[in-house]
Amino acid sequence: MVKTIRWGIIGCGKIAAKFVSDLKLVDEAEVYAVAARSLDAAAAFATKHQASKAYGSYSELVQDEAVDVIYIATPHNFHYEHAMLCMAHGKAVLCEKPFAINTLQAKEMIDFARQKKIFLMEALWTKFLPHYQQLMHLIQEGKLGAIKSVLINFGFKPQPPVSPRLFDPQLGGGTMLDIGIYNVFMALSVLGKPQQIQAVMTPHAVTGVDEQCAVLFTYANGAIAQLYASFVTTLPTEAEIAGTMGSVRLTSRFYEPSSTIQYYPFSVRETTAIEVPKEAGFGYQYEARHVNECLQQGLIESPVWQHADTLLLMETLDIIRKIAGIRYPEDDY
């Protein structure tokens with residue numbers, strides 16, 4: 001008999017609301033308990049999303065023996081603390097991106113998960129989306145030839161009321177950890193670890209975090225990835241991937257399931273729209289479904305988004321930040 005996986009939620013913000021909404025689309029998954037910094041907030045969230053339990057502290061949630069796995073949706077700077085708290089109480093963890101503030105924290109989290117033999121995965125939802133899977137299938141089939149160019153932009157101008165976390169260094173603010181991470185993830189997916197990295201950023205006038213950041217990856221085979229993130233202007237938020245035999249364009253909001261794939265084979269010289277299967281929901285059900293399957297199988301690490309993948313992403317982000325001069329209180333450089 002297949003066991004129903006009971007989910008706990010730490011943090012009751014906008015992303016958590018979307019996640020639990022999509023969790024209802026996953027078989028053998030139950031939105032069981034939620035926790036916020038106040039019981040009133042947790043109770044309101046639980047009522048709206050039909051959760052069985054509401055807790056006014058995270059420590060109460062992790063002590064609930066009925067909880068199988070916890071989704072962490074708190075601000076960036078709390079991911080390490082909250083993931084360690086969950087695992088210390090034997091709870092499997094799906095931790096929202098960025099996994100941690102830096103590689104040092106990420107390694108400690110992964111080492112602890114392995115020591116405790118507990119499932120731990122970064123919630124990099126794009127990895128599990130149908131259009132991303134279609135893109136990787138095109139590349140693996142050789143439809144684009146050897147990839148030579150990756151051009152990705154992600155930009156929006158926050159509208160009032162602006163969330164404090166976007167520009168607060170104490171909360172891991174700035175473009176690179178919030179949105180630039182998607183650019184880096186996509187470039188690593190397509191081209192792998194770069195041979196050389198260049199990066200520059202524009203600091204916020206008050207807080208000093210990166211309000212814009214431009215990154216250049218170069219590779220031994222001559223490939224180049226140009227990545228740009230901005231909080232000061234709205235950009236198309238598209239990804240263009242070109243090889244020796246063809247190119248692909250992921251349309252607006254390339255990191256979301258709403259993005260479409262435009263394929264341009266050089267031999268035909270016309271654009272083809274690649275059909276991508278669609279489901280209802282925001283798109284978080286794909287990663288949640290995968291975590292459910294991993295837990296049903298007794299796995300402690302995802303075979304799809306492995307710890308090594310998270311570490312490569314985190315290490316690359318660290319290098320970018322160090323080169324560009326983006327520093328947080330948790331950093332040791």
Legend entry - Aromatic ring proximity, centroids under 6.0 angstrom, F156 and F231: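 Centroid separation for F231 and F156: below 6.0 Å.
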Inset, instruction - Assert yes or no for the condition that the ring centre distance of W305 to F185 is strictly below 6.0 Å. - result: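 Yes; F185 has its ring centre under 6.0 Å from that of W305.
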Taking the side chain as everything from C-beta on, heavy atoms only, tell me whether [X] gets closer than 4.5 Å to [Y].
X: Y132; Y: P257; answer: no
X: Y58; Y: R37; answer: yes
X: L191; Y: F217; answer: no

Legend entry - Polar contact flag, side-chain donor to acceptor under 3.5 angstrom, N77-Y328: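 Judged by distance alone, the side chains do not pair up.
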Inset, instruction - Indicate whether any N or O donor in one side chain lies under 3.5 Å from an N or O acceptor in the other, for E141 and H137. - result: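 Short answer, yes.
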Main-chain N/O of [Y] paired to [X] side chain as donor or acceptor, under 3.5 Å:
X: T260; Y: T251; value: no
X: H79; Y: T74; value: yes
X: T271; Y: Y263; value: no
X: S259; Y: Y255; value: no
X: H307; Y: A106; value: no
X: Q285; Y: G283; value: yes
X: E275; Y: A273; value: no
X: Y182; Y: E256; value: no
X: D210; Y: T175; value: yes

With hydrophobic residues grouped by side-chain heavy-atom distances under 4.5 Å, do [X] and [Y] end up in a single group?
X: L39; Y: I70; answer: no
X: I181; Y: I323; answer: yes
X: I300; Y: L85; answer: no

Inset, instruction - Classify the angle between the aromatic ring planes of Y71 and F19 as parallel (below 30°), tilted (30 to 60°) or perpendicular (above 60°). - result: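 Correct class here is parallel.
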Legend entry - Whether H49 and F45 hold their rings parallel, tilted or perpendicular, with breakpoints at 30° and 60°: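 If you compare the ring of H49 with that of F45, the planes turn out tilted.
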Legend entry - With sequence neighbours excluded, residues passing side chain to side chain contact (heavy atoms under 4.5 Å, CB included) with P164: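 In terms of side chain to side chain contact (heavy atoms under 4.5 Å, CB included), with neighbours along the sequence ignored, P164 is linked to no residue.
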With a 4.0 Å cut-off on N to O distance, would you call [X] and [Y] a salt bridge?
X: R289; Y: E279; result: yes
X: D68; Y: K3; result: yes
X: D318; Y: R321; result: yes
X: D331; Y: K322; result: no

Inset, instruction - Evaluate whether atom NZ of K107 has more than 12 neighbouring non-hydrogen atoms of other residues, nucleotides or ligands under 6.0 angstrom away. - result: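 No, the 6.0 Å shell around NZ holds no more than 12 heavy atoms from other groups.
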Shortest non-hydrogen contact between [X] and [Y], atoms and distance:
X: D168; Y: V209; result: C-CG1, 4.3 Å
X: S230; Y: Q212; result: OG-OE1, 3.1 Å
X: I261; Y: L135; result: CD1-N, 4.0 Å
X: G281; Y: L25; result: CA-CD1, 4.0 Å
X: T244; Y: G145; result: OG1-CA, 3.5 Å
X: M136; Y: S189; result: CE-O, 3.4 Å

Legend entry - Reported CZ-to-CD distance for the pair F78 and E96, which is rounded to 0.5 angstrom: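 The CD atom of E96 is 15.5 Å from CZ of F78, to the nearest 0.5 Å.
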Legend entry - Spatial distance of atom CG (D178) from atom CG (L171) [nearest 0.5 Å]: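 Spacing of CG (D178) from CG (L171) equals 11.0 Å.
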Inset, instruction - Could you point out which residue of V26, N292, V20 forms a side chain to side chain contact (heavy atoms under 4.5 Å, CB included) with W7? - result: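 So, applying the side chain to side chain contact (heavy atoms under 4.5 Å, CB included) to W7 and each of V26, N292, V20, only N292 qualifies.
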Inset, instruction - Apply ring-ring contact (aromatic ring centres under 6.0 Å, His included) to Y284 and list each qualifying residue two or more places apart in sequence or on a separate chain. - result: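 Partners of Y284 under the ring-ring contact (aromatic ring centres under 6.0 Å, His included) test: W125.
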